Novice: 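My questions will all concern the structure given below.
Labels below follow one simple rule: chain letters A, B, ... track the order of the sequence lines, proteins then strands, and each chain is numbered from 1. On a predicted model such as this, the values are computed, not experimentally measured, just so you know.
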Amino acid sequence: MKLATWNVNSLKVRLPHLLEWLDRTRPDCVCLQELKMETAAFPHEAIEAAGYTASVNGQKTYNGVAILTRIEAADVLLDIPGLDDPQRRVVTATIGGVRVICAYVPNGQAVGTDKYEYKLRWLDAFTRFVGDQMQAHPQLAVLGDYNIAPEDRDVHDPVAWAGQVLCSEPERTAFQRLLGLGLADSFRLFDQPERSFTWWDYRMNGFRRNLGVRIDHVLLSPALAARCTGCAVDLEPRRQERPSDHAPVTAELTCPRDPTPIPAQPQSMRA
DNA sequence: ATGGCTTGAGTGTCAAGA
């Protein structure tokens, strides 16, 4: 089972890129962020023609998230229950026995601003929500744009970014609290190239110079982490004309429906 | 120098991203 996350930065502009990427990589489940369109404007026809069904939580102009799957999504839940927030940032669904949360964490703009305080409050509520979901669903995957670079090695210039938004201690602590629920950052379960990032500024030739940050993550509960065989950033879409500023991240799991071998009974146990 | 691109809104030029 292949799970992916991709901040497309406008689905309207990126639909051709997405369709080409779905055709090339054939993921089972894709979490999209920054659709920047209302739910009613979602291009279901094109997505279904590509072999996917979509659970959409859209919003005009800003934010907006969706989960695309090749099999039916069940128990779809929009937003964070109990959080009064007009911004559409979360959609959750069950796909083939795996509970998938797709999240677009607030950017936070700059440390000390109202948007930064909103980001930290939002992360508190989100962490409670993820904890609740994990209680009910041991097979839990939390994918999305976290807008947090967890460690200095996730930043092209840790000195320049020290204490800045995406890297500040309160944000990194909030990320560690999510991991503290028992989730694993699947990317770090494997050897990775140095200077691996998922976002590069459009300005200053950021991508060509690999001046990036790793802020898009696939977090897995223990049951899923045990089945994870790989996690990688796909740089190909970022190389294309008119790209999203984010690259997709894909994690591979052994199929949850693979039959578990039944251990042989010891001789002495036989009748 | 708080800039540099890109998108959506809307037809000026600004908010927002990270």
Side-chain angles (χ1 to χ4, degrees), chain A residues 5-18 21 31-43 56-66 85-90 102-123 126 143-175 187 195-217 233 235 237-249:
Chain A
T5 181
W6 192 8
N7 180 324
V8 291
N9 186 19
S10 169
L11 183 55
K12 184 183 171 187
V13 174
R14 229 64 66 195
L15 184 59
H17 303 70
L18 175 64
W21 183 77
C31 295
L32 302 176
Q33 302 87 37
E34 285 210 88
L35 304 181
K36 298 188 175 180
M37 62 170 54
E38 291 173 299
T39 301
F42 190 88
V56 183
N57 190 11
Q59 179 185 336
K60 192 176 180 177
T61 310
Y62 300 117
N63 312 308
V65 289
D85 183 3
Q87 303 189 22
R88 305 281 80 96
R89 296 182 173 278
V90 179
C102 168
Y104 176 44
V105 176
N107 167 277
Q109 193 175 57
V111 175
T113 62
D114 288 348
K115 286 175 186 170
Y116 181 80
E117 294 305 317
Y118 162 66
K119 180 179 191 174
L120 295 182
R121 285 198 314 274
W122 192 96
L123 281 164
F126 181 65
L143 299 88
D145 176 358
Y146 288 76
N147 270 311
I148 300 171
E151 302 175 65
D152 279 354
R153 62 177 164 161
D154 300 313
V155 183
H156 70 92
D157 185 348
V159 173
W161 283 78
Q164 302 295 310
V165 75
L166 314 190
C167 302
S168 72
E169 182 274 325
E171 291 165 89
R172 285 180 168 175
T173 298
F175 190 81
F187 189 75
R195 295 165 50 84
S196 284
F197 308 123
T198 66
W199 176 87
W200 304 259
D201 202 308
Y202 283 125
R203 300 167 291 186
M204 301 290 289
N205 280 314
F207 181 68
R208 192 179 51 75
R209 300 157 67 197
N210 198 25
L211 306 180
V213 288
R214 191 178 71 93
I215 57 177
D216 300 87
H217 308 298
V233 181
L235 296 176
R238 189 64 175 80
R239 294 191 177 111
Q240 294 176 5
E241 288 297 315
R242 215 177 174 188
S244 168
D245 42 2
H246 294 253
V249 181

Novice: CZ of A:F197 versus P of B:dA18: gap in Å, rounded?
Specialist: 17 Å
Novice: Can a donor-acceptor pair be found between the side chains of A:Y104 and A:N57 at a distance below 3.5 Å?
Specialist: no
Novice: To the nearest Å, how far apart are A:D216 CG and B:dA18 C1'?
Specialist: 11 Å
Novice: Looking at residues 151-160 of chain A, who's got a heavy atom less than 4.0 Å off DNA chain B?
Specialist: none
Novice: Taking the same atom, P, in B:dC14 and in B:dG10, what whole-Å distance lies between them?
Specialist: 15 Å
Novice: For A:D154, check salt bridge (charged side-chain N to carboxylate O under 4.0 Å, His left out) against everything at least two apart and list the hits.
Specialist: A:R188, A:R214
Novice: For A:R214 and B:dA18, give me the distance from atom CZ to atom C1', rounded to whole Å.
Specialist: 16 Å
Novice: Using the side chain to side chain contact (heavy atoms under 4.5 Å, CB included) criterion, which residues pair with A:P106? Sequence neighbours excluded.
Specialist: A:R89, A:Y118, A:K119, A:W122
Novice: In residues 159-170 of chain A, what donor-acceptor pairs under 3.5 Å come from side-chain atoms, sequence neighbours left out?
Specialist:
unit_1: A:W161; atom_1: NE1; unit_2: A:H156; atom_2: NE2; d: 3.1
unit_1: A:S168; atom_1: OG; unit_2: A:Y116; atom_2: OH; d: 2.7
unit_1: A:S168; atom_1: OG; unit_2: A:E171; atom_2: OE2; d: 2.5
unit_1: A:E169; atom_1: OE2; unit_2: A:T173; atom_2: OG1; d: 2.6

Novice: Give, ordered by number, those residues of residues 161-168 of chain A having at least one heavy-atom distance below 4.0 Å to an atom of DNA chain B; if nothing qualifies, reply none.
Specialist: A:L166
Novice: Round to a whole Å and report the spacing from CD of A:Q59 to P of B:dG8.
Specialist: 14 Å
Novice: Excluding sequence neighbours, so at least two apart, what forms salt bridge (charged side-chain N to carboxylate O under 4.0 Å, His left out) with A:R88?
Specialist: A:D79
Novice: Figure out the CG/C1' separation between A:L211 and B:dA18, and round it to whole Å.
Specialist: 13 Å
Novice: List for me each residue that meets side chain to side chain donor-acceptor pair (under 3.5 Å) alongside A:Y62, sequence neighbours excluded, and say none if there are none.
Specialist: none
Novice: Any side-chain N or O of A:R14 less than 4.0 Å from the OP1 or OP2 oxygen of B:dT7?
Specialist: yes
Novice: For nucleotides B:dT13 and B:dG4, find the distance between their P atoms and express it as a whole number of Å.
Specialist: 16 Å
Novice: Name the pairs: protein N/O against N/O of nucleotides 14-17 of chain B, kept only if under 3.5 Å.
Specialist:
unit_1: B:dA16; atom_1: OP2; unit_2: A:K115; atom_2: NZ; d: 3.3
unit_1: B:dA16; atom_1: O5'; unit_2: A:K115; atom_2: NZ; d: 3.4

Novice: Taking the side chain as everything from C-beta on, heavy atoms only, tell me whether A:N9 gets closer than 4.5 Å to A:K36.
Specialist: yes
Novice: Check whether the side chains of A:Q33 and A:T5 place a donor and an acceptor atom closer than 3.5 Å, and report yes or no.
Specialist: yes
Novice: Atom CG of A:L35 and atom P of B:dT7: how far apart are they, to the nearest Å?
Specialist: 15 Å
Novice: Take atom C1' in B:dG3 and the same atom in B:dG17, then report the distance between them in whole Å.
Specialist: 15 Å
Novice: Work out how far the P atom of B:dT7 is from that of B:dA18, and round it to whole angstrom.
Specialist: 13 Å
Novice: Distance check, C1' atoms only: B:dA15 and B:dT2, in whole angstrom units.
Specialist: 16 Å
Novice: Using side chain to side chain donor-acceptor pair (under 3.5 Å) as the criterion, list what pairs up with A:N210, not counting sequence neighbours.
Specialist: A:W200
Novice: Please identify each residue that fulfils salt bridge (charged side-chain N to carboxylate O under 4.0 Å, His left out) with A:R208, with sequence neighbours left out.
Specialist: none
Novice: Taking side chain to side chain donor-acceptor pair (under 3.5 Å) as the definition, give me every residue that meets it alongside A:R209, ordered by chain and number, with sequence neighbours left out.
Specialist: none
Novice: Pick the closest DNA chain B nucleotide for A:V105 and for A:R242 by heavy atoms, then say which residue is nearer the 5' end.
Specialist: A:R242
Novice: Holding to salt bridge (charged side-chain N to carboxylate O under 4.0 Å, His left out), I want the full list of residues that pass it with A:D85, two or more places apart in sequence or in another chain.
Specialist: none
